[in-house]
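Note on naming: letters A, B, ... go to the chains in the order of the sequence lines (proteins, then strands), and numbering restarts at 1 for each one.
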Amino acid sequence: MLIKEIVSDTAEPISGKLVFQQNQVPPLNAGTGTITVQQTVLSTRGQIPETIYSNVNNFAVNGPRFTLPVGAITSVYPPENAQGEYDRVLPHVCFNRATLPWERQAATPTYQNQPEAADQAPWLGILLLYDTDPAVTVSDIEVKGLVSPAEKKIGDGKDQLPVNYFFPVFKLDDNAEKYTDKCLAVDIPVALFNKVAPCHDDLPWLAHVREIQPGNKQSAQYVQRLKSISDEKALPKISTVIGNRLPLPGAKTTAYLVSFENWDSYLPDENGVQNLNIPKATTTIRMVLLKQWDFYAIDRKQTFSGYLKGLNKKDGVFGDAILRLQTDEDTGEAGKAIQNAFDMGFVPLNHHTRQAADTVSWYHGPFVPYNADRTIDIPVNGADTCTAYNRDTGMFDVSYAAAWQLGRLLALQNGHFAQTLYNWKKSNPQTIIANFEEEFIKKKLNEIVDDQKQSVSNTVEQSLDQLPLHAQQDLLGLMNESLSTILSQFITNKDNNDEDK
Amino acid sequence: MKINNGSLLETLNDPAELRRLRDLRRPRNVADTPADSVEENLADWLGRLKLLHGVPFNYLVPDVDMLPMESIKFFYCDTTWLAYLAEGALSLGRSVESDSLLDSVFLPDLELFSRGSMKKARGKVLGHLLQHLSKKELKLMSSKPIPLNEKITGFLLRSGVVSDWEGLEVAAFADENMTRPCQLLRMDHLSPNVLLCMYEGMVKSVRINEHPEVLHFGFARTDTPRVYSKSFRYPVDKQEGDVMHKAGEAVKDVKLVMPTDIYIRGNTSNVIRISKLAVAIRDTLAGNKIGYEGTFTTAEFALEMVEGAEAVKFTIA
């Protein structure tokens, strides 16, 4: 099998459907809420005094805030640490929950009034920073590190927001969050923040939902993921958040997925001018960091087509696509014989034989470079019967013996299969015996009696139930005895030298 | 009077007679299918085994040098190897000679059913996603047992593309022009960067393309002077004279050239003024050539911004 060519396929557009949706706002945002149920009891003639019964229930909608749960991010683009021509693309992150980017709000929360879906900005965003930008600091903090001591002193006031750092005031959800919860923070010089952060008008454009039409073309592991975000009726949906900055050509770029919750009033304007709501003395912006990854927009071929077109190359030379070993160089006749074996997919492996001898034998797996189909005779009586001898190399070929032995071991390992198989095997002779007995009883006498002359002539053509009662009983005894002889021989297996003969 | 035990016993040594006796009351199913759930479970397990589930990687690729990093290796499945593997599994519980007789009569049934199970395996993987599959793709998923002399072929791909593009899509065809698709039997990540694909029939060409999740926002660019530009897609179906342009189809001859001083903040920061860009795209869509004046939200914006999926085709000689 040789690859004739590897080319970019641009001839026809890939068929398949992908639907973009503006957003998917959850029915309730994360936060706390109250349900009040009220019932007024009264009677028309006033015998019962009017009474109002009411019941108040508090509830909380929990949603990720300072960290994302494991698995929430399904993929990032460009891939982590990838090196390729990425300087013309905006990076993005995909989430397994379609509502995630809208479960919180960039604008100051107003839990009573849901904003119109159309103008809700996502609370997740990507900041793209270059190696050449001023340095930022990423640190492990507790949530109290987001609160300035001037605003609220927590405990002894240690490890809170440093002076001249800025983070918007927020309310902790007492049901689900504590000031001691851990999270990651990225501290960005305020000038850099103003330079790269999206402005108020930009933010809503930087997220959307993708509804995916599944096909039968992806690996079982990926299919599993699509299944987990869909059901019989609903197609798989993922949400996507996009960055607003192009990567720097020729250098390392780091993408930071940050929370923009409550940040709407502090974003720079479209020219990158600092928002007036940020205190003048601020030197550093602190943001909640949810994910960080690097990639390199350089002229390496680690793009999708770059990878695929570069396959099977060794030192820049295109090799073949055959699953085999190759001898290093021509080593004469012996080398030829070995290369022949290699070409058929064989590898030499150490072989510890049953007689405790050590030797080297050939083995090939189920994937071979040539079409080999021949049928095998079953049953196979043990692995040794499938060992072959390779005359050219004077070595044993244990491929099929290994396959047989492996199949046996895997079956033994799976107790359920082994038990089911055993029961099934047992059920076959049981069915045979039951049916045999039944047919035997229904048979006419002349079909089963050895010597017809000895039989009663007028019953020869009669079946058993047509005989007189005493004859029936005699015959039944006889048949019973006969059956037990036949079947016990059938079950324990016999040689066919019948004593009756 | 004596009953002829010998001749009766002889019938119990006759394979045809054994089969007749066992199948006397067997439900008359469609030919080649398991009679009950017990046989179906056995066949399904055997089918998975013959698709090499549970087989350790070093049995598949006995030497790592056969599959170096950044390589794709095509193969034929050695159906004899698979037959021995399955026979090994079915050999359990065979101790006396009559077991051998019964096995030789009835095991071929399970073997045949398992070749049907191999065809059904992908349907089980897809589960409820089958409801969403296109008619065209559903038609390709038959559950007829793989004929005995049919080839099973496929490839192993070991590459960074497998881990970085986890949902990459693979289609295989029995001809070079990619008109006759081969039915997929198994497609699995054996490890984060090793992908195994197995198909019924002889694969002659393979197309690997990006999946929807990785479609990204991007621009075209000229280097000197450095100018970014954007081409367009029809946001809805559009009739133009006799030609019907489908939604998503590329628009010819319309391009938005993006002067850096308008679309890029501070000119050199590489920060795109996204809302300005969105408005410009909306206005261009509303222009004469495309004439789209419907709602313009992040959905339409995304449709215009994503670059096409990359695809690479392999032709096998």
B/Arg94: partners by salt bridge (charged side-chain N to carboxylate O under 4.0 Å, His left out), with sequence neighbours left out: B/Glu87, B/Asp103
Structural part of B/Pro108 lying under 4.5 Å from a heavy atom of chain A: both
Of B/Asn41, B/Ile264, B/Leu67, B/Leu90, the largest count of non-hydrogen pairs under 4.5 angstrom with chain A goes to B/Leu90
Between atom NZ of A/Lys309 and atom NZ of B/Lys313, what is the distance when rounded to the nearest 0.5 Å? 13.5 Å
Please determine, among B/Val214, B/Leu140, B/Leu138, B/Leu92, the option with the most heavy-atom pairs under 4.5 Å with chain A. B/Leu92
So which part of B/Ile152 gets closer than 4.5 Å to some heavy atom of chain A, the side chain, the backbone, both or neither? neither
Show your reasoning for whether side chain to side chain donor-acceptor pair (under 3.5 Å) applies to A/Ser230 and B/His132. CA-CA 10 Å; A/Ser230 63; B/His132 304 301; 5.2 Å; no
Parallel, tilted or perpendicular, as decided by the 30° and 60° cut-offs, for the rings of B/Phe106 and A/Trp424: perpendicular
Which of parallel (below 30°), tilted (30 to 60°) and perpendicular (above 60°) describes B/Trp81 and A/Tyr363? perpendicular
Region of A/Ala401 that comes under 4.5 Å of a non-hydrogen atom in chain B: neither
Check for a donor-acceptor pair, side chain of A/Asp202 on one end and backbone N or O of B/Ser275 on the other, with a separation under 3.5 Å. yes
Distance only, no hydrogens: is a donor on one side chain within 3.5 Å (strictly under) of an acceptor on the other, for B/Glu213 and A/Tyr222? yes
Could you tell me if B/Asp188 and A/Ser219 have a donor-acceptor pair between their side chains, going purely by distance under 3.5 Å? no
Rounded to the nearest 0.5 Å, how far apart are CG of A/Asn435 and CG of B/Leu18? 11.5 Å
Whatever's closer than 4.5 Å to a heavy atom in chain A on B/Ala278 counts as side chain
So do A/Tyr400 and B/Asp78 actually touch side chain to side chain, heavy atoms under 4.5 Å? yes
Please flag which part of B/Tyr228 lies under 4.5 Å from any non-hydrogen atom of chain A: side chain, backbone, both or neither. side chain
Option that, when pairs with chain A are counted at under 4.5 Å, heavy atom only, ranks first among B/Ser91, B/Ser205, B/Ser104: B/Ser91
Would you call B/Asp99 and A/Lys425 a side-chain contact if the rule is heavy atoms closer than 4.5 Å? no
Would you please name every residue forming a side chain to side chain contact (heavy atoms under 4.5 Å, CB included) with A/Arg88, sequence neighbours left out? B/Arg221, B/Glu307
Straight-line distance of B/Leu21 CG to A/Asn428 CG, nearest 0.5 Å: 11.5 Å
Counting only non-hydrogen atoms closer than 4.5 Å, does B/Leu277 touch chain A with its backbone (N, CA, C, O), its side chain (CB onward), both, or neither? neither
If you measure from OG on B/Ser159 to CG on A/Leu308, what distance do you get to the nearest 0.5 Å? 6.5 Å
Name the option with the most non-hydrogen atom pairs under 4.5 Å to chain A; the candidates are B/Glu111, B/Glu17, B/Arg20. B/Arg20
Select, from B/Ala250, B/Cys77, B/Pro56, B/Gly266, the one with the greatest count of heavy-atom pairs under 4.5 Å involving chain A. B/Cys77
Is the A/His208 to B/Phe217 ring centre distance short of 6.0 Å? yes
Evaluate the ring pair (Phe, Tyr, Trp, His ring centres under 6.0 Å) criterion for residues B/His211 and A/Phe304: first the C-alpha distance (whole Å), next the side-chain angles of each, then the deciding distance (0.1 Å), finally the verdict. CA-CA 11 Å; B/His211 53 298; A/Phe304 187 76; 8.1 Å; no
Under a 4.5 Å cut-off applied to non-hydrogen side-chain atoms, are B/Glu310 and A/Ser305 in contact? yes
Any luck finding a side-chain donor-acceptor pair between B/Arg273 and A/Asn271 under 3.5 Å? yes
Heavy-atom distances under 4.5 Å only: say whether B/Val105 touches chain A with side chain, backbone, both or neither. neither
Contact winner vs chain A - B/Asp65, B/Leu303, B/Leu102, B/Val38, heavy-atom pairs under 4.5 Å: B/Leu303
Which atoms of B/Leu195 come close to chain A, meaning under 4.5 Å heavy atom to heavy atom: side chain ones, backbone ones, both, or neither? side chain
Under 30°, 30 to 60°, or over 60°: which ring-plane class applies to B/Trp165 and A/Tyr77, parallel, tilted or perpendicular? perpendicular
Please verify the inter-ring angle class for A/Phe417 with B/Trp45; under 30° counts as parallel, over 60° as perpendicular, anything in between as tilted. parallel
